[in-house]
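In listed order, ligands and their atoms are each counted from 1.
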Amino acid sequence: MKESLVKAAYEAAKEQYAALGVDTEQVLNRLAGISLSLHCWQTDDVLGFENPEGGLSGGIAATGNFPGRARTIEEVKADLSKAVSLLAGKHRVNLHAIYGDFDGKYVDRDQIEPAHFQSWIDWAKASNLKLDFNCTLFSHSKSADGFTLSHKDKAIRDFWIEHVDRCRRISEHMGKELGSDCIHNIWAPDGSKDITVDRYAYRKNLRDSLDRIFEKNYTNMKDCIECKLFGIGSESYVVGSHEFYMGYGISRKQMITLDMGHFHPTESVSDKISSLLLFSDELMFHVSRGIRWDSDHVVIVNDDLLNFAQEIVRMDVLNRVHVGLDYFDASINRIGAYVIGARAAQKAFLFALLEPLKKLREYEDSGRWFERLALLEECKILPWTAVWDYFCLTSNVPSGLECIEDIAKYEKDVLSKR
Ligand code: RNT
Ligand code: ZN
């Protein structure tokens, strides 16, 4: 779109929002301050560099075989840089332990060191990005029977405790080097396909393993723990359920991660925020789009995403939440997948920030619920898209339609040659 048109549309929108008590300039500043943590694993279908031939296991699956998967660290970095170049704002990259720079050697999970991530830190520094981290408790022979930190065999639990311990140390190093707390997420796939007659014992093991892991305190990293309802192969029982981690997080003062694909399809993550933030300081989110199950589809602007952003903005808790993306669609251009999802998250926050909240609350508090609903409906057709176009223009990133062409060119020039 022509620059003059974007500007004219924005000026008109600005006036319309001002009449409702919303300052669009302030909204744009707040939007630019929201950092998303971009998951590295959309580039290569969660394979990593430890043993890519080993494949993905642990109840998660990437489906599709669109050409152009990143096969080396350099390719992952190039793809992430490409995606970031199409996003306004400053962001973070979320790494998994299997993405270490192992120099072609096999380094087992209980052997990884900060040095294996130094090239990532250097790249992040040079790219003006911050890093987050995840221990990898899947895709490994010692997780093959479905259990890791909750395993009945102490030696296997100890192996994974050592791994997580090292991952926390690596996170501390990343946070320190980059001057921004590194968020380390623990997701354990532990669970089983069929009826489990000792559910309590596994959960007790998981609790005790986590207690051991958290004995050490760090100052440049923050921990978070992610629950799940079920996975492929863990349909009957998941050790780290929502109740488990909610209990653990609240009693141990640890941050909980809520993944939008990890609940019953009609259960919404957005409604959990106002409850959980009464009892814990911060929350981590994995923004995802589950279709029928934890399918990890590319995030789009839908009611789930809008409700999520609205809750955070309405509660004014942007400074108490961390927003990471988590999906892996191998059936479409993978850079496109990042850009659609990240921009969708930004659009949802923009939509939420533009809400005439004062007026809506006045209606609510005086029992004028027709007016509240009517104004919420009006918000959907207010010119928020003009504000979005202006945000892209002033952040020097292409508009949505230009992105399509840009990504298609990258596919032709780079991805198709892999
Ligand atoms: C799995 C969890 C977890 C993973 C990543 C790769 O269901 O959502 O967060 O997606 O760790
Ligand atoms: Zn997740």
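Atom 7 (O) of ligand 1 has K228 NZ, 2.7 Å as its closest protein atom, hydrogens excluded (heavy atom only). The protein non-hydrogen atom at the shortest distance from atom 9 (O) of ligand 1 is E226 OE1, 2.7 Å.
In summary, of the residues considered (W41, W120, F49), a ring-ring contact (aromatic ring centres under 6.0 Å, His included) with Y99 occurs for F49 alone. The salt bridge (Lys or Arg N to Asp or Glu O under 4.0 Å) test with E75 is passed by exactly one of R69, R418, K417: R418.
Relative to atom 8 (O) of ligand 1, the option among I60, N94, D326 with the closest non-hydrogen atom is D326.
Under 4.0 Å is where a charged nitrogen must lie from a carboxylate oxygen, and between D208 and R212 no such pair does. Remark: K130 does not engage D181 in a salt bridge, criterion side-chain N to carboxylate O under 4.0 Å. A salt bridge links E162 with R166: the closest approach of a Lys/Arg side-chain nitrogen to an acidic carboxylate oxygen falls below 4.0 angstrom. Using a 4.0 Å cut-off between a side-chain N of Lys or Arg and a carboxylate O of Asp or Glu, E311 and K272 do not qualify as a salt bridge. For D304 and R289, the salt-bridge test fails: no basic side-chain N is under 4.0 Å from an acidic carboxylate O.
Residue contacts with ligand 1, taken as heavy atom pairs separated by less than 4.0 Å, do not involve H39 at all. With a 4.0 Å cut-off on non-hydrogen atoms, D294 touches ligand 1 through its side chain and not its backbone.
Both tests hold for K347 against W388: distance to the six-membered ring centre under 6.0 Å, angle to the ring axis within 45°.
Within the structure, the closest approach of F328 to ligand 1 falls below 4.0 Å when heavy atoms are considered.
Taking the six-membered ring where the residue is Trp, F138 and H96 present perpendicular rings, their angle passing 60° and hence far from 30°.
Listed by number with element, the atoms of ligand 1 under 4.0 angstrom from any heavy atom of H286 are 9 (O). Interface of H262 with ligand 1, defined as ligand atoms under 4.0 Å from a residue heavy atom, comprises 1 (C), 2 (C), 7 (O), 8 (O). Heavy-atom contacts of D259 reach the following atoms of ligand 1: 8 (O) (cutoff under 4.0 Å).
Rounding to the nearest 10°, we obtain 100° for the angle at the Zn ion (ligand 2) between H286 ND1 and D326 OD2. One finds an angle of 90° at the Zn ion (ligand 2) between OE2 on E226 and OD2 on D259, to the nearest 10 degrees.
Some N or O of H96 is nearer than 3.5 Å to an N or O of ligand 1, by distance alone. Of the polar atoms of W41, none of the N or O atoms is found under 3.5 Å from an N or O of ligand 1, judged by distance alone.
Under 2.8 Å from the Zn ion (ligand 2) lies no N/O/S atom of H262, from backbone or side chain alike.
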